[in-house]
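All values below were derived from every heavy atom in this structure, side-chain atoms included, with hydrogens, water molecules and symmetry-related copies excluded.
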Amino acid sequence: MVMEKKVEMGEKFGGFPFKPYSIQIDFMNALYDSLDKGGIAMLESPTGTGKTLSIICSALQWLVDRKQRKTNDGTADTNQVGTSGDHVGSDDEPDWLKNVLGNKEVESPKKKVKKRNGFRSKKRDKTGIEESFKDLFNHFREIGDDYSVYGDEQSNVTVKSDGEKLDDKEFLVAEYESEDEKSGRSKRKGGGVCGGSSSSEGEEEGDEFSDEEEETDFKIYFCSRTHSQLSQFVKELKKTIFADEIKVASLGSRKNLCINEEVMKLGNSTLINERCLDLQKNKKNQVSKMKNSDVGGRIRKTKASGGCPMLSKQKLQKQFKNEMIDQGPLDIEDLVRLGGNLGTCPYYGSRSMVPAADLVVLPYQSLLSKSSRESLGLSLKNSVVIIDEAHNLADSLISMYDSKITLSQLELVNSSLEGYFQRFRNLLGPGNRRHIQTLMILTRAFIQALCNNVNATLVDSSVNEELNATKSGPDCSLRINEFVFSLDIDNINLVKLLQYIKDSNMIHKVSGYGDKLLSLQNNTTSILSSFRALAGMLLSLTNGDSDGRIILSRKKPTDSGQHGGYIKYVMLTGEKIFHEIVSEAHAVVLAGGTLQPIEETRARLFPWLLPDQLQFFSCGHIISSDNILPISVSHGPSGQSLDFSYSSRSTSVMVGELGALLCNLVTVVPQGIVVFFSSFDYEECVYTAWKASGVLGRIMKRKRVFREPRKSTEIEVVLKEYKESIDASSTAKDVSGAHTGAVLFAVVGGKISEGINFSDGMGRCIVMVGLPYPSPSDIELMERVKHIDGLGDVPKNTNSACFNGDAQAGFDILRSCKNRGREYYENLCMKAVNQSIGRAIRHINDYAAILLVDTRYTTDSLKKNFSHPTNKLPSWIKDRLVSKTSNYGEVHRLLHQFFKFHKSQKIVSEAHAVVLAGGTLQPIEETRARLFPWLLPDQLQFFSCGHIISSDNILPISVSHGPSGQSLDFSYSSRSTSAMVGELGALLCNLVTVVPQGIVMFFSSFDYEECVYTAWKASGVLGRIMKKKRVFREPRKSTEIEVVLKEYKESIDASSTAKDVSGAHTGAVLFAVVGGKISEGINFSDGMGRCIVMVGLPYPSPSDIELMERVKHIDGLGDVSKNTNGSCFNGDAQAGFDILRSCKNRGREYYENLCMKAVNQSIGRAIRHINDYAAILLVDTRYTTDSLKKNFSHPTNKLPSWIKDRLVSKTSNYGEVHRLLHQFFKFHKRWFAYSRLKCSVENDMTVLTSNPYNAICLAFNAFWSFILLFTNTMAKRSDEIISDFLRDISSNLSFHLLNTLYLCPLISGNELLTTYGQLFKCPLSLHIPFALQKYIPFHILKIPQHTQTLLYISVQTKSKECVN
């Protein structure tokens, strides 16, 4: 039943453009169920598993199904209970609840709304100040956001136009009347501005472009961290059927969507935002009449210059929206392109699509920040929120609510306030004077704090001691109350002050006046942004004392332009912020590649949710285990232990060892290598050192080198060049000295590590240098650690003492952590590692090696209370990790085998069909396991056929004894002894007397061939051989082989044509080497290879380190855990034999196969066509008896079947071998004579076709000559030879005699003569058609008398009767 349900669920995702993998179906089912249930869900799917496409198809299928259900149900309510359990807005609410909530709250889901409306007119209730504070919080939190509030209220900011000089009184703030705290109301005289209203960009901008639209019942909001990730989401969406079925709105920042070239030149996001908002206020208006100010002055409102030209025509905005609907889903680049073509703003154009959209795609900031949501008009009510790349969601969320103001900004604000106050002091009302003076007090207090001039008498002694203790250091952290009391500003009502700033619009007046003064001095410094920073800091001070920390940094300004000191508020808790999203939405889904540990996320974002109420799903990876090779690298090429901890990573030893490691990697890794460093500074340090030492030059000889730039705007160019280098190396021919790819130096936490995918060749190897733990001297981090460590404690957070930024103090804090704090610190490091190494492996056929370069990845060298780093790796990496390597040689070997394997696999994956052909492919299981292990044995198509030659054309013999009776043992320990060398010489001396034409003798190595040749030359054996045959030797230089082979062939040809003269050479002998050029590709057909002599078993040396490492690797293929025999091998032969004995799987078989494949390759040089014949001598006692150890299979079992089936596997002495050879070559000598006679007959018959009599006589003469040739030679002949001969003769006669005459064997039960009883199995008949009888003079046919009883002549009469 479970399986049936899964299949049914899998079939429902018809929108999936391809056949989904099983884990994708599981993921989509889990997401679909989560959306049905509502609430919070966390879904984890490793990188490269098609997570984005699975999210799209599951979520949108759910959306379509929900709409369909609602259509089918008619008026049935489809709004499910959200995470808050709230049913506001349902059509079936009881009347009493509707009356309480008000009509606006329960109106029909599909309602006519104004763009971005419905969020700007909050009314205060009886809570008064509390509601006012919430309103202020939402209002001022827009400071620094992409969508800022302040610009929208800049109704009185002066902009010089037409060269007209404005009066200073234009900057005068309208008189302000203090609000009544009890009623919570505040106003400006004559202003008519409601203190509870939140005038916003959305409302004010909507005035011009607003039109009524129908808003969808419910939406899906998909957000991710970067615009590139959102573009990838839209690209995947276009592949599905949903692209044509739903409406999609893609939102982005002004910086990414602006097409106004004048604004784009500003570059900085804040400046672009401010300029955009300013242009919205400068729309063309008619010159207004003069009006009286409240203080008796007159202000002339002039005609402003026309605002942004991209918003000048409302018609184009409507056309832009229509084009978005027609074209379907558009990403950021598409929107910019469309806006450029139409000449209208894509930023505001895309926002106009939000109300009607079913799916809204937007960045983190726009959704997680409440002020941004309200500014954009995003309603989460009964909607679905999907947050991708949620592995660092908690930190990303709280960082949006940080605020910061620098010393230079404070000084600028203070000087602006002082100048403004001095200029307008007599014109300002008492309320304005009081609030402006209060602001001046605050700015001076902040400046004093940064200048270390804290009033020690105004604070508690314990706090005073803490503050004094921090004076020695540049940084310190304080609670909000500690900070406020230390500055003696605790008596200031910040909520009322912020309400004044919001309502009075004073910061625009003051900054406008300040900008005017600065412009006279040709100073372009922005005062407005400094005021916004101050307002943000004041708002942060209204948070709870335990919600965050104040960071005081008293750093001096640097020559590089960095600001000096600053005050920063760091938000520590995100649960209240996230609760706002959860309480409104129907469902919130956190998705990512690595979401573990989920308990940390739950405790920080939704601690009210019990662990069993959280819906969590995690799946494995789609790639095969052979597609990834993660290795912990503990030692460099020189054997140096690799320790990249902060104290030792910059030493010359570590930097040099890392350089040597990379120099080795570029030789073995194809295409692209990405090296991740812990910081830009460390990358700069390493790069400079390598450049000076020449390491960089060595690397660049093999691969081009690229570096991640500090400026994010330059990354695209670098990545483009990097990719082009990879592509060029992939298509280029293998030329010596050519680049084989590229290396990219990147930084953990940089843009590349966060959002760039290195699929295929761009990331064949990811190198993680060290463990990128964040600095313990980071005050913000340590405050966060202390806060997280105290989560769940009822009284207060632990470790609350003031922290001054000292690294040792940071380590003390980490050691003292007993809860989540230490784990959070470790998780930060490993999340960064996982995020970086996850840049590779992007699809099922992708493959990459991952090197974790640090000894801490292999051994638990950390302190006892720190868990091991590899335990926090994703399971699909951790389960396949080679966790310990004894030396770099082992790492290099694994990499070499890994990429060699995938090089062959690449051919298979790209081709339609791959056919492996060869003379000897057995054993196929080894080939399958090494080259295509993903293919099951029954899926492999295998065919093998026998040889075309007759069994009489080959004579393979196992030779175990020499002519003197000596047992032949050519193992490594005894092959060079004088006894073995002498016996081998005697054997060859005998062979040259019986074997005609050519003999090829194969030795196991050049050194052994040299040893034997020298001994034979000294002992006279070589001279005896050369009396019968010339001797040639395979040269070591391949360039000389052609000359040797030419002379060898000429000697063979000369011996074949020469008469049998005593003392003449009967051929030649060639000494060759197994594995040499001759054994690999030279064919010895006919006389060039009448006898192949294989001396010994050419097993490779067990002292070969590369070979033994390969044996160990192959022996472990298929093992889930790891390869066997993981101990270090030092090249000792005995150790090699020990490894072979310990092999229990494919390793030993592979070693044996290497030997026998070399044997088969060598002896296969003979027998090249159907009429060829040769003898094969396997000279070693091991070919005859199983003298190997029990766990070694017999060598002859690995011979080709066409040799093995005809092998004379055991001979008692050499005399038997010699007799077999003599009979074999004598037989083939007569067969050769017959062949020449047959050829002569056929040629003569061509001439004699005009005379049938002569033709028939010639045929019979040839036939009886054939019989006589074999009568005295062979005891037995098979029917096959006789039939072949008759078929050849009959086919020629039939052709030349007009198909009327044929010969064939006639099976009969007649008794045969004794002479030919074993030779012929059937009598022969000559069938002569009646039409040709006149041509046959039977009485003169030359047929032997004693065979006439065997030959029946059938004469066909006219009546078709046969007469015998």
### Task
Kindly state each residue pair satisfying salt bridge (charged side-chain N to carboxylate O under 4.0 Å, His left out) with at least one member in residues 968-995, sequence neighbours excluded.
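Output for this query is empty, none listed.
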Which atom pair, heavy atoms only, marks the closest approach of [X] to [Y]?
X	Y	answer
C989	I1025	SG-CG1, 3.8 Å
L1178	L1199	CD1-CD1, 3.9 Å
I1082	R1165	O-CD, 2.7 Å
A1158	P1098	CB-CG, 4.5 Å
I949	D1172	CG2-O, 4.4 Å
F1224	A1175	CE2-N, 4.1 Å

Contacts of [X] that satisfy salt bridge (charged side-chain N to carboxylate O under 4.0 Å, His left out) - sequence neighbours left out:
X	answer
K1198	E1152
K1049	D1053
K1028	none
D1205	none

Measuring from [X]:[atom1] to [Y]:[atom2], what's the distance to the nearest 0.5 Å?
X	Y	atom1	atom2	value
R1148	N1153	CZ	CG	10.5 Å
W1202	I1167	CH2	CD1	6.0 Å
L1070	E1034	CG	CD	7.5 Å
L987	S964	CG	OG	10.0 Å
H1194	T1184	NE2	OG1	6.5 Å
F1225	Q997	CZ	CD	9.0 Å

### Message
Among F1006, F1002, W1016, exactly one meets ring pair (Phe, Tyr, Trp, His ring centres under 6.0 Å) together with F1071. Which residue is that?
### Response
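The passing option is W1016.
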### Message
Between C1143 and V1111, does the side-chain contact (heavy atoms from CB on, under 4.5 Å) criterion hold? Intermediate values first, please.
### Response
CA-CA 8 Å; C1143 287; V1111 166; 3.7 Å; yes
Is the backbone of [Y] close enough, under 3.5 Å, to the side chain of [X] for a donor and an acceptor to pair up by distance?
X	Y	value
Y1173	S950	no
D1180	F970	yes
N887	G889	yes
R1030	A1068	no

Is the [atom1] atom of [X] crowded by more than 12 outside heavy atoms at less than 6.0 Å?
X	atom1	result
K1077	NZ	no
E1042	CD	no
K1017	NZ	no

### Mutual orientation of the aromatic rings belonging to F1003 and Y1008 [parallel < 30°, tilted 30-60°, perpendicular > 60°]
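Ring orientation, 0 to 90° scale: perpendicular.
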Are [X] and [Y] side-chain neighbours, meaning at least one heavy-atom pair lies under 4.5 Å?
X	Y	answer
V891	N664	no
S958	L1207	yes
I1041	I1078	yes
L984	L988	no
S971	R1182	yes
M1026	V992	no
I1052	R1090	no
M980	Q966	yes

### Message
Determine whether L1097 and Y1183 satisfy the following criterion, side-chain contact (heavy atoms from CB on, under 4.5 Å), listing intermediate values before the conclusion.
### Response
CA-CA 8 Å; L1097 279 161; Y1183 284 112; 3.4 Å; yes
Please tell me whether [X] and [Y] have a donor and an acceptor in their side chains that are separated by less than 3.5 angstrom.
X	Y	answer
T1066	K1029	yes
T977	S974	no
H1169	D1086	yes

### Task
Report the residues that fulfil ring pair (Phe, Tyr, Trp, His ring centres under 6.0 Å) with H1218, sequence neighbours left out, ordered by chain and then residue number.
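So H1218 forms a ring pair (Phe, Tyr, Trp, His ring centres under 6.0 Å) with Y1214.
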### Task
Output, in order, the C-alpha distance, side-chain angles, deciding distance and verdict of side-chain contact (heavy atoms from CB on, under 4.5 Å) for D1138 and R1141.
CA-CA 5 Å; D1138 292 339; R1141 293 187 189 96; 3.0 Å; yes
### Task
Under the side-chain contact (heavy atoms from CB on, under 4.5 Å) rule, what do E1216 and R1219 come out as? Steps first, then yes or no, please.
CA-CA 5 Å; E1216 186 177 350; R1219 180 183 58 82; 4.0 Å; yes
